[in-house]
Amino acid sequence: MNQHPTKPNAATAWWAGTIQDFTQVTDEQLIGQLSTRLVRAHRTNEAEQLKAWSWQLHHLRPVLQEFPSQWRILFEYPLLRLGRRLDAVLLTERAIFVIEFKAQGHGFDQAARLQAEDYAFDLRDFHAASRDKIIIPVVIAGAGTASRTQSEFLWHGVSCVYESRPEQFGELVLSIYSRLADHTIDIDQWEHAPYRPVPTIIDAARAIYEKHGVDDIRSARADAINLSETTAELLNAVEEARRDKKYIILFVTGIPGAGKTLCGLDVAFSPQVEGTFLTGTLPMVYVLKAALAQDKAKRSEMSERYARHQSKAKIESVVGFLRDTLARDKAPAEHVIVFDEAQRAWDAEYGARKFDHTQSEAAIMLDLMRRHDDYAVIVALVGNGQEINTGEAGLAEWGRALLARPEWHIRAAPKTLSTNVAKQLLFGKEQPKTLQISEALHLSTPIRNIRSASAASWIDATLSGDRASARRIASDDLPIFVTRSLTDLRKSLKLRARGQRRVGLVCSSGAKRLVADGIWPRFAHQEEATVANWFLCRWPDVRASDALEIPATEFACQGLELDHVGLCWGGDLLWTGRWNIRSFRGTKWLNVKSNESRAYTINKYRVLLTRARADTIIWIPRGDENDVTRCPKAFNQTEEFLLECGAHRLPPEPNTVPEAADALLL
């Protein structure tokens, strides 16, 4: 049988062979091999799975025998990002057919279509041999009629979903194949091409929480090897602290989207650590707790309310943790805490005002964890350029608190000591003897954006006003687009919302005059249900981000992400030869003069520009000559500057969305 050896960074199907190989193996032999992998995977419902395979093979065998013998069929192909497997993949020289089976008694439904479409996009985005290829998702059902219009819309490499009864599948495939041009696909080597998935924060949290871990995902990302090295360094520090009875704090830095939160979740949820993930970003707490509870409830007979209670111990708000722990004299239940966005810890003045406590948040956290008699570990995740609130003390406050507490052993990334921003410099000339610098604690490879590694550095250069550097960084695959039409923005996002891909609008909380264009910049980011519904529900639920009605502000989306983002640019940050930073008061804009306040506005847009996993479409209002608060000239200059920096104009989209499209594949 034509089986290829496994290669690094490749996901391997449970069974793979040419059509000729398939004709030479019996159903019993093939199911036996699949069953062996099923047992190794510790999957449940084995009887149901065996029945489903028998049904698939019974119907596929006569159909596949009519296909060219060199075509290749793969069963149970793993998608590591989703923790799932493709039922089957049919490889031809012209297209990749992604097959989702719904066995006897099951008909065609929207859930199956979305699943098949999402699997197709997973291959397009993360599988090296599937990029720039034609991918055809197909749902094969044992009941019902494939009555949906079989439109042949092809958008960004993936057709809309086809439906087929088993006996119609062969005719469908050959009909599509005959109308395709020769797109060269190496059938024999396709399975062993690099597969480098990027999980969403929610996907990763679900996988880690269920003790599945993300080892497969990390090992697949050979381009981001220090993701594994950083996690290992953190876990080794926990073991060292436990063994040697030490108090250790580690400062992890990284560019936006490099995986800091992924590392933090992996450590906090690790079985050998049993720590807690703390964040000052309430929306992240709301979304992750709701996602874990929903997932837990689906996997068990547990109610969602009880599942939410269970997840509470793993993800907490910093404020909730402090209020609970300060009220008691005992040490916290956790020996290990992961402090997300540690540079945003508040200063003593803010603490006195909000908590009636005279110390800074950094000092309080160090003292609370020091209550443990044996050991304690704090993992401080640092996202420079993410400060968006007043009262945030920066890394300098952690440094001052640590200098006064010499019992703490400090491990820090080099970036914490090399910044020019005094507030974000961990230590100046005076450095404690317990300080150790570790390169492994800096994450330098962006993995959030699935199409371009240049986005983060381009955003930094652009927000710095460095047009020349931004232009040098920009490339054809820079995933930043500009449009002046809100209608075109929504249309493009609707087209991108295929499968399980999530889209949404975002805007700055200071962009108050967007209301004149129907955009309300006051997202209720402190309302748990509102935030969870926006990030987790799907259209046609009008509360979902996909509805494209309510934009999330920087306070709601910091630390979280969408696949495709529509950024509604406001009048609080406009280019007029330099970045003009303003605040709207009463009936007019006022120029912001405070350096700290100016930095907050720049950071707001940095947060908003780095929320997308795939691409960001920036909508710049046209303004109104008759409205002094919406000057068209400044908006025009902002558009020109972004385009000169290398952003692309949003190209025209088809006139119809995929489900109603009537375009040809060619």
Side-chain angles (χ1 to χ4, degrees), residues 10-19 21-22 25 27 29-41 43-65 67 71-92 95-124 126-127 130 135-144 146 158-170 172-173 176 187 190-191 195 197 499-500:
T12 306
W14 288 13
W15 189 93
T18 63
I19 299 299
D21 294 332
F22 179 75
V25 66
D27 287 1
Q29 290 171 326
L30 202 156
I31 290 176
Q33 185 169 334
L34 295 176
S35 299
T36 301
R37 294 292 298 271
L38 184 71
V39 172
R40 291 176 186 170
R43 303 294 183 185
T44 56
N45 298 322
E46 182 175 354
E48 288 297 318
Q49 182 63 78
L50 294 178
K51 189 186 300 182
W53 284 332
S54 296
W55 182 86
Q56 294 170 20
L57 294 176
H58 171 74
H59 288 285
L60 274 182
R61 191 166 291 281
V63 173
L64 294 182
Q65 289 175 344
F67 291 164
W71 287 7
R72 195 167 178 83
I73 183 79
L74 298 86
F75 291 103
E76 302 296 333
Y77 184 82
L79 295 177
L80 303 178
R81 178 183 72 89
L82 301 171
R84 301 173 188 164
R85 303 184 308 278
L86 285 173
D87 287 343
V89 179
L90 176 66
L91 299 174
T92 76
I96 301 159
F97 290 84
V98 173
I99 306 167
E100 176 66 19
F101 289 101
K102 295 300 174 186
Q104 62 260 40
H106 295 276
F108 304 99
D109 58 32
Q110 179 67 3
R113 289 192 289 271
L114 288 175
Q115 190 173 14
E117 191 171 51
D118 199 50
Y119 289 170
F121 275 100
D122 192 279
L123 291 181
R124 185 202 68 174
F126 307 125
H127 188 264
S130 299
I135 306 175
I136 315 287
V138 182
V139 175
I140 299 178
V158 177
S159 78
C160 39
V161 180
Y162 286 82
E163 296 174 350
S164 174
R165 292 292 298 275
E167 63 274 12
Q168 301 166 338
F169 179 62
L172 173 66
V173 169
I176 294 173
I187 295 175
W190 181 91
E191 182 184 4
Y195 173 73
Q500 298 300 322

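Only heavy atoms go into these numbers, but all of them, side chains included; no hydrogens, no water, no symmetry mates.
- Shortest non-hydrogen contact noted between Ala120 and Val98 is CA-CG2, 4.2 Å.
- Between Asp87 and Glu76 the shortest side-chain heavy-atom distance falls below 4.5 Å.
- Residues Phe108 and Val161 fail the side-chain proximity criterion, which asks for heavy atoms closer than 4.5 Å.
- Atom CD in Gln56 sits 10.5 Å away from atom NZ in Lys102 (nearest 0.5 Å).
- To the nearest 0.5 angstrom, Leu86 atom CG is 9.5 Å from Leu74 atom CG.
- Minimum heavy-atom separation, Ala88 to Phe101: CB-CE1, 4.0 Å.
- In this structure the side chain of Arg37 never reaches within 4.5 angstrom of the side chain of Arg85, judged on heavy atoms.
- You'll find the side chain of Val63 stays beyond 4.5 Å of the side chain of Pro166, heavy atoms only.
- Taken from CG in Asp21 to CH2 in Trp15, the straight-line distance is 5.5 Å, to the nearest 0.5 Å.
- Contact check for Phe75 versus Trp53: no side-chain heavy atoms found under the 4.5 Å cut-off.
- Looking at heavy atoms from C-beta onward, Phe67 lies out of side-chain contact with Ile73 at the 4.5 angstrom threshold.
- Within the model, atoms CG of Leu90 and CD1 of Ile136 stand 11.0 Å from one another, a figure rounded to the nearest 0.5 Å.
- In this structure, the ring of Trp190 has its center less than 6.0 angstrom from the ring center of Tyr77.
- Classified by interplanar angle (parallel below 30°, tilted 30° to 60°, perpendicular above 60°), the ring pair Tyr195/Phe126 is perpendicular.
- Side chains of Ile96 and Leu91 form a contact here, defined as non-hydrogen atoms less than 4.5 Å apart.
- Heavy-atom minimum distance, Ala16 versus Glu191: CB-OE1, 3.3 Å.
- Residue Ala116 comes nearest to Glu100 through the heavy atom pair CB-CB, 4.0 Å, listed as atom of the first residue, atom of the second, then distance.
- The two atoms that bring Ser159 and Tyr162 nearest to each other are OG-CE1, 3.7 Å, heavy atoms only.
- Both tests hold for Arg61 against Phe22: distance to the six-membered ring centre under 6.0 Å, angle to the ring axis within 45°.
- Residues Pro137 and Val158 share a closest heavy-atom pair of CD-CG1, 4.2 Å.
- No side-chain donor-acceptor contact under 3.5 Å links Thr36 and Trp14.
- Atoms CZ and CD1, on Arg165 and Ile140 in that order, are 11.0 Å from each other to the nearest 0.5 Å.
- The backbone N or O of Tyr119 lies less than 3.5 Å from no partner atom in the side chain of Asp122, so there is not a single donor-acceptor pair.
- Distance check: Leu38 CG to Ile31 CD1 gives 11.5 Å after rounding to the nearest 0.5 Å.
- Under the 4.5 Å side-chain criterion, counting only non-hydrogen atoms from C-beta, Leu34 is not in contact with Leu50.
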